[in-house]
Number of protein chains: 4
Amino acid sequence: MSNGEGRRSKRADARRNEKTLLDAAAAVFVTSGVEAPVRDIAAKAGVGMGTIYRHFPTRADLIVAVYRHQVDACAEAGPELLASSDSPYEALRRWIDLFVDFLVTKHGLAAVLQSDNAGFETLHTSFLDSLLPVCTRLLEAAAEAGEIRADLQAYEVMRGIGNLCIGADSDPRYDARRLVGVLIAGLRA
Amino acid sequence: MSNGEGRRSKRADARRNEKTLLDAAAAVFVTSGVEAPVRDIAAKAGVGMGTIYRHFPTRADLIVAVYRHQVDACAEAGPELLASSDSPYEALRRWIDLFVDFLVTKHGLAAVLQSDNAGFETLHTSFLDSLLPVCTRLLEAAAEAGEIRADLQAYEVMRGIGNLCIGADSDPRYDARRLVGVLIAGLRA
Amino acid sequence: MSNGEGRRSKRADARRNEKTLLDAAAAVFVTSGVEAPVRDIAAKAGVGMGTIYRHFPTRADLIVAVYRHQVDACAEAGPELLASSDSPYEALRRWIDLFVDFLVTKHGLAAVLQSDNAGFETLHTSFLDSLLPVCTRLLEAAAEAGEIRADLQAYEVMRGIGNLCIGADSDPRYDARRLVGVLIAGLRA
Amino acid sequence: MSNGEGRRSKRADARRNEKTLLDAAAAVFVTSGVEAPVRDIAAKAGVGMGTIYRHFPTRADLIVAVYRHQVDACAEAGPELLASSDSPYEALRRWIDLFVDFLVTKHGLAAVLQSDNAGFETLHTSFLDSLLPVCTRLLEAAAEAGEIRADLQAYEVMRGIGNLCIGADSDPRYDARRLVGVLIAGLRA
DNA sequence: CATGAATGAGATTTCATTCAT
DNA sequence: CATGAATGAAATCTCATTCAT
């Protein structure tokens with residue numbers, strides 16, 4: 001085996017390894033929530049705990065990586081929805097649906113997103129960096145079209161939606177989607 | 001000292017002590033949240049941990065006791081507001097303001113209120129028992145007056161409001177009161 | 001009420017009180033064993049825990065008092081059995097039956113009787129003071145009659161019997177009476 | 001270092017550590033009994049408490065491991081004694097000597113062996129699984145040879161012996177070996 | 001003298017994080 | 001670079017014993 005190939009295969013290995021890790025973490029997050037013991041995730045991935053820590057020094061790093069694709073997809077959907085919807089408000093509504101669908105299926109994610117625990121600062125920031133501009137854009141468009149009030153920051157709206165999604169999966173009497181619908185209705189001018 | 005007085009003075013003592021406990025717990029809850037270690041609360045009160053357990057066997061019992069008065073006051077304010085407000089919707093709005101004021105000043109309370117942890121079941125139940133009938137009454141009045149949609153359960157509304165209050169005290173960019181206002185606006189028919 | 005009467009009735013009260021205590025302790029010992037929490041005994045007696053401690057400073061004192069009558073009765077039965085039995089060995093056998101009957105019906109008593117815990121020293125001593133002379137007498141009589149070996153101390157025999165009774169009530173596969181029978185059979189010359 | 005070696009050396013390390021643990025536990029058991037606090041055992045071994053729990057999730061697991069070798073040796077000695085002794089009864093007697101020697105030197109072991117505490121169920125079972133068949137075999141052989149009565153179960157006999165050994169080490173006036181001798185003598189037909 | 005509230009040591013158990021192999 | 005054993009701080013809860021009322 002040549003050095004070049006060796007190096008390349010190592011990189012490939014590392015990528016595969018990281019993929020395994022993220023899949024395992026995602027699976028454990030579904031059943032045990034995003035605060036599941038590191039040991040459980042490592043076990044699911046079939047690696048040592050040290051490997052998790054090497055790739056993702058903090059839990060926030062791991063969570064960010066696990067949901068990176070879905071968050072990016074959500075961010076990217078914003079402009080498309082704005083272009084394809086009948087109105088900015090409709091685009092906003094549909095985009096928020098996407099965001100809510102994402103959140104309510106992630107056991108415990110909404111909860112850590114608003115956690116004031118210092119360790120989750122990164123997570124908070126990362127999600128907001130991706131989504132806040134999109135949400136801002138949609139809110140501005142709807143506000144400019146006179147469809148909604150103009151005095152609300154995207155940060156507040158997203159945070160509110162995030163909060164409404166907390167614990168949505170463990171209580172059949174509570175329908176986060178419906179309440180978010182009420183909130184969005186409340187934005188109307 | 002007669003037996004009667006003796007017994008009474010002991011009870012008075014215990015009551016005084018319980019007051020100390022509740023004050024200490026309230027204080028610790030403010031700084032460390034309602035999930036603060038029992039040891040910390042005991043230390044703050046200047047009592048042994050056993051004393052906490054004697055008075056409040058579970059953490060839920062303690063939290064309920066700490067906030068009992070405020071919850072009751074909130075519950076009692078409902079009918080009064082309904083009688084004194086210009087409209088049922090206005091009464092609802094003002095009552096919810098009270099509820100939100102209560103929640104946002106209780107570090108971590110909103111979070112445990114929606115926790116699916118079995119230990120907090122009592123807490124959950126206790127709060128709902130007091131407040132749900134009041135909220136139901138206000139929602140029905142407003143719905144009957146045609147001011148709001150009639151398809152939302154009080155449970156959902158209260159839970160939504162509770163969720164919006166989570167973490168409200170640790171983030172200056174997030175104003176739970178304002179968002180709850182948006183939610184209430186969204187109830188309009 | 002005269003002083004004399006007052007004093008006498010107080011003594012009567014104290015006696016009644018102590019009787020209540022012992023009955024309650026006996027009852028709790030039956031269900032929870034002789035190491036039951038002091039609180040439980042006090043509750044059963046309808047008195048404060050301090051009252052228990054006043055009358056019986058150590059647990060051993062309480063246990064001794066609870067079983068005083070039965071131990072005395074057992075001690076007194078010795079000479080009678082010796083007089084009325086066909087042989088000293090037969091008297092010994094029947095006396096040990098009494099002792100075993102006493103022990104196996106006292107949940108946990110046999111266990112604390114051999115405990116090396118300093119607190120139970122009194123208990124140990126008290127029981128032995130009453131019963132050892134009786135047992136010694138019976139063993140000597142049987143030994144002198146040539147029915148059993150003469151090299152065993154009463155202390156050892158009683159302790160052995162006590163040990164064989166440990167846990168006899170919680171295991172249907174173990175019959176302490178039968179094993180004690182084997183032990184007594186083993187004493188034969 | 002190859003993977004194979006790396007893995008093997010790690011296991012060797014863990015084994016060494018486990019040995020340290022067992023030695024420490026054995027030492028603490030001698031001085032403080034088999035119910036010594038986990039913290040004490042960890043301290044003696046110079047490890048964290050978590051290490052104990054990792055290797056031996058329950059106290060019963062630890063006790064079983066500490067005495068595994070001796071119990072096995074005792075079990076294995078049974079057939080040998082049967083083959084090498086002058087009579088089955090003699091083999092039984094000598095085997096029971098081994099068992100008693102084992103028990104009386106284990107502070108508190110005999111006591112937990114008959115404890116009805118659920119946590120010690122495993123311990124109880126483990127010991128019986130090893131020793132009961134051996135004892136049964138010896139009793140049957142002696143019974144068939146007409147040397148002892150045939151109506152006693154090995155369980156009862158072992159339990160009785162175990163009981164006789166309780167507290168044997170803390171009382172110079174009590175010689176468990178001698179009393180067990182009496183019990184065994186009592187088995188004679 | 002009786003009460004029972006209060007004390008607080010002590011035991012168990014979990015899990016994030018480190019680091020020797 | 002990976003492993004997972006080890007660490008040990010934290011938190012909970014119990015109950016014998018004391019002592020203010």
Paired with dT21(E): which nucleotide, if any, by Watson-Crick or G-U wobble criteria at under 3.5 Å for both distances?
-> dA2(F)

Value in whole Å for how far the C1' atom of dT12(F) lies from CZ of Arg39(D) | 13 Å

dA11(F) -> Watson-Crick or G-U wobble partner, both distances under 3.5 Å, gives dT12(E)

Rounded interatomic separation in angstrom, taking OH from Tyr53(C) and C1' from dG4(E) | 12 Å

Can you check the Met49(C) CE to dA16(F) P distance for me, whole Å?
-> 10 Å

Take atom CZ of Phe56(A) and atom P of dA2(F), then tell me their distance rounded to the nearest Å.
-> 11 Å

Considering only heavy side-chain atoms of Val38(C), the closest of dA6(E), dT17(F), dT17(E) is dT17(F)

Do Leu62(C) and Ile41(C) touch side chain to side chain, with heavy atoms closer than 4.5 Å?
-> yes

Arg54(A) has a side chain; which of dA16(F), dT17(F), dA2(F) sits nearest to it?
-> dA2(F)

With DNA chain E as reference, determine whether Thr58(A) or Thr51(C) sits nearer its 5' end, using the nearest nucleotide of each.
-> Thr51(C)

Of the candidates dT7(E), dA2(F), dA16(F), the side chain of Val47(B) sits closest to dT7(E)

Specify the residue among His55(D) and Glu35(B) whose closest nucleotide of DNA chain F lies further upstream toward the 5′ end.
-> His55(D)

When the distance from CG of Leu62(D) to P of dT12(E) is rounded to whole Å, what number comes out?
-> 11 Å

Whole-Å distance between dT21(E) P and Asn17(D) CG?
-> 11 Å

Positive for side-chain contact (heavy atoms from CB on, under 4.5 Å) with Val34(C), one of Ile63(C), Leu113(C), Val28(C), Val66(C) | Ile63(C)

Between dT17(E) atom P and Ile41(A) atom CD1, what is the distance in whole Å?
-> 12 Å

Is it true that the side chains of Asp23(A) and Thr20(A) contain a donor and an acceptor less than 3.5 Å apart?
-> no

Take the protein atom CD1 of Ile52(B) and the nucleotide atom C1' of dA5(E), then report the distance between them rounded to whole Å.
-> 13 Å

What orientation do Tyr67(B) and Phe127(B) show, parallel under 30°, tilted 30 to 60°, or perpendicular over 60°?
-> perpendicular

More 5' along DNA chain F: Gly50(C) or Glu18(D), using each one's nearest nucleotide?
-> Glu18(D)

Under 4.5 Å between any side-chain heavy atoms of Phe56(C) and Leu21(C), yes or no?
-> yes

